Visitor: 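One structure is given below, represented as structure tokens, and several questions about it will come after.
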Amino acid sequence: MTTEPKSATTSVAIASSGLPLTERQEARRRRILHATAQLAGRGGFDAVQMREVAESSSVALGTLYRYFPSKIHLLVATMQDQLQHLHETLRKRPPTEEEPAARVAQTLMRAFRAMQREPHLADAMVRALTFADRSVSAEVDAASRLTTTIILDAMGLTVPPTSAQLSAVRVIEHTWHSALITWLSGRASIAQVKIDIETVCRLIDLTSATPGPTAPGTPGATAGAAAGATAGGRAKSGRTTTSRTKPGRTKRR
């Protein structure tokens with residue numbers, strides 16, 4: 001196992017300061033996430049132990065903890081990494097359905113089948129999301145924003161999403177996550193998961209037919225900006241507030 005210099009800037013410190021990872025730090029992070037996915041893929045949640053991850057990725061245990069303070073942080077970051085790979089694949093091979101609701105359903109089923117191929121890894125990541133507390137909120141929000149972006153991309157919007165559409169996206173995300181849990185626990189079949197996802201995606205058709213205010217941002221807002229608005233809305237009970245400037249008053253003497 002290699003020893004990492006104690007003076008090296010860690011990804012946690014960089015993430016909190018908004019600075020990008022160096023090439024060496026990114027390579028180290030990639031090794032850690034790859035090792036985590038392999039361990040989880042073989043033995044699920046319980047197989048991911050910090051010492052084994054450090055040994056498999058050839059980093060010092062102390063360095064691993066500076067990158068990922070806990071096993072939950074590590075597995076949620078692995079979930080985000082898996083979603084990023086899915087997003088890149090979907091950009092290369094976008095959904096083929098014509099209607100937005102059908103495209104989103106097709107996209108989420110592709111994501112589901114990817115997890116179906118590695119059920120132990122899927123179980124580990126979903127359990128980590130379920131166990132995550134406030135200390136992992138930044139990582140959970142990052143994974144949620146990416147999921148939102150994937151759904152918005154599949155919808156193929158040419159204008160910024162409305163507040164109603166973002167609400168529909170949140171409900172779709174919740175349903176998809178719940179469907180994963182029920183399938184992993186053996187309480188739902190793949191066929192039932194498909195029905196549930198297709199049913200909830202019909203909300204897209206309903207919100208598309210209902211005019212409403214657009215999500216906060218400029219007319220050229222991107223899916224990523226809208227995803228940020230969605231994640232921010234979760235932190236505030238799903239409500240978006242808009243500041244208003246009160247007209248000034250002239251005092252009389």
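Just so we're clear, the structure is a prediction, and the values are computed from it rather than from any experiment.
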Visitor: Return the CG to OG distance between L83 and S144, rounded to the nearest 0.5 Å.
Guide: 9.5 Å
Visitor: Just so I know, are the side chains of D153 and R91 near enough to count as touching, which here means a heavy-atom distance under 4.5 Å?
Guide: yes
Visitor: Show your working on side chain to side chain contact (heavy atoms under 4.5 Å, CB included) between T63 and R28 and close with a plain yes or no.
Guide: CA-CA 10 Å; T63 299; R28 188 180 300 135; 4.0 Å; yes
Visitor: Which heavy atom of P100 sits nearest to which heavy atom of M155, and what is that distance?
Guide: CB-O, 3.8 Å
Visitor: Looking only at heavy atoms, which two atoms of A40 and H120 are closest? And how far apart?
Guide: O-CB, 3.2 Å
Visitor: Report yes if the side chains of L33 and R29 come closer than 4.5 Å at any heavy-atom pair, otherwise no.
Guide: yes
Visitor: Could you check whether any side-chain N or O of Q106 sits under 3.5 Å from a backbone N or O of T96, counting only pairs where one atom can act as donor and the other as acceptor?
Guide: yes
Visitor: Distance only, no hydrogens: is a donor on one side chain within 3.5 Å (strictly under) of an acceptor on the other, for S185 and R187?
Guide: yes
Visitor: Could you tell me the separation between the CE atom of M79 and the CG atom of L75, rounded to the nearest 0.5 Å?
Guide: 10.5 Å
Visitor: For side-chain hydrogen bond (donor to acceptor under 3.5 Å, both in side chains), just list the numbers for T130 and R127, CA-CA rounded to whole Å, side-chain angles, deciding distance to a tenth of an Å, and then say yes or no.
Guide: CA-CA 5 Å; T130 304; R127 287 177 66 181; over 6 Å; no
Visitor: Treat each ILVMFWY residue as a node, draw an edge where side-chain heavy atoms are under 4.5 Å apart, and state whether I195 and I197 are in one component.
Guide: no
Visitor: Give the minimum heavy-atom separation between I72 and A128, together with the two atoms involved.
Guide: CG2-O, 3.5 Å
Visitor: Between A124 and G44, what is the shortest heavy-atom contact and its length?
Guide: CB-C, 3.9 Å
Visitor: More than 12 heavy atoms of other residues, nucleotides or ligands under 6.0 Å from CD of E88: is that the case?
Guide: yes
Visitor: Return the minimal non-hydrogen interatomic distance between L64 and A54, and the atom names on each side.
Guide: CD2-N, 3.8 Å
Visitor: Can a donor-acceptor pair be found between the side chains of Q192 and S189 at a distance below 3.5 Å?
Guide: no
Visitor: Could you tell me if the side chain of Y67 sits less than 4.5 Å from the side chain of Q25, heavy atoms only?
Guide: yes
Visitor: How far does CD1 of I190 sit from CD of Q116, to the nearest 0.5 angstrom?
Guide: 3.5 Å
Visitor: Under the rule for side chain to side chain contact (heavy atoms under 4.5 Å, CB included), what residues qualify as partners of Q38, not counting sequence neighbours?
Guide: H34, R42
Visitor: Please test E99 against I204 for side chain to side chain contact (heavy atoms under 4.5 Å, CB included), starting from the C-alpha separation and ending with a verdict.
Guide: CA-CA 10 Å; E99 297 300 322; I204 295 173; over 6 Å; no
Visitor: Should P161 and V169 count as side-chain neighbours, where that means a heavy-atom distance under 4.5 Å?
Guide: no
Visitor: Verify the distance criterion only: is there a donor paired with an acceptor across the side chains of T148 and R145 at less than 3.5 Å?
Guide: no
Visitor: What I want to check is whether the side chains of T107 and R110 have a donor and an acceptor closer together than 3.5 Å.
Guide: no
Visitor: Is there side-chain contact between L108 and I151, with at least one heavy-atom pair below 4.5 Å?
Guide: yes
Visitor: Are more than 12 heavy atoms, taken from residues, nucleotides or ligands other than K71, located less than 6.0 Å from that residue's NZ atom?
Guide: yes
Visitor: When rounded to the nearest 0.5 angstrom, what distance separates CD1 in I181 from CG in D123?
Guide: 10.0 Å
Visitor: Taking S56 for its side chain and V53 for its backbone only, find out whether a donor-acceptor pair lies under 3.5 Å.
Guide: no
Visitor: Please report the shortest heavy-atom distance between A105 and E198, naming the atom on each side.
Guide: CB-CG, 4.1 Å
Visitor: To the nearest 0.5 Å, what is the distance between CG (L121) and CE (M115)?
Guide: 7.5 Å
Visitor: Is any side-chain heavy atom of D81 closer than 4.5 Å to one of T36?
Guide: no
Visitor: Quick one: CD on Q84 to CD1 on I150, what's the gap to the nearest 0.5 Å?
Guide: 7.5 Å
Visitor: Looking at side-chain heavy atoms only, is the closest gap between E139 and F68 below 4.5 Å?
Guide: no
Visitor: Run the side-chain hydrogen bond (donor to acceptor under 3.5 Å, both in side chains) check on R134 and S137 step by step: do they pass?
Guide: CA-CA 5 Å; R134 290 184 179 181; S137 60; over 6 Å; no
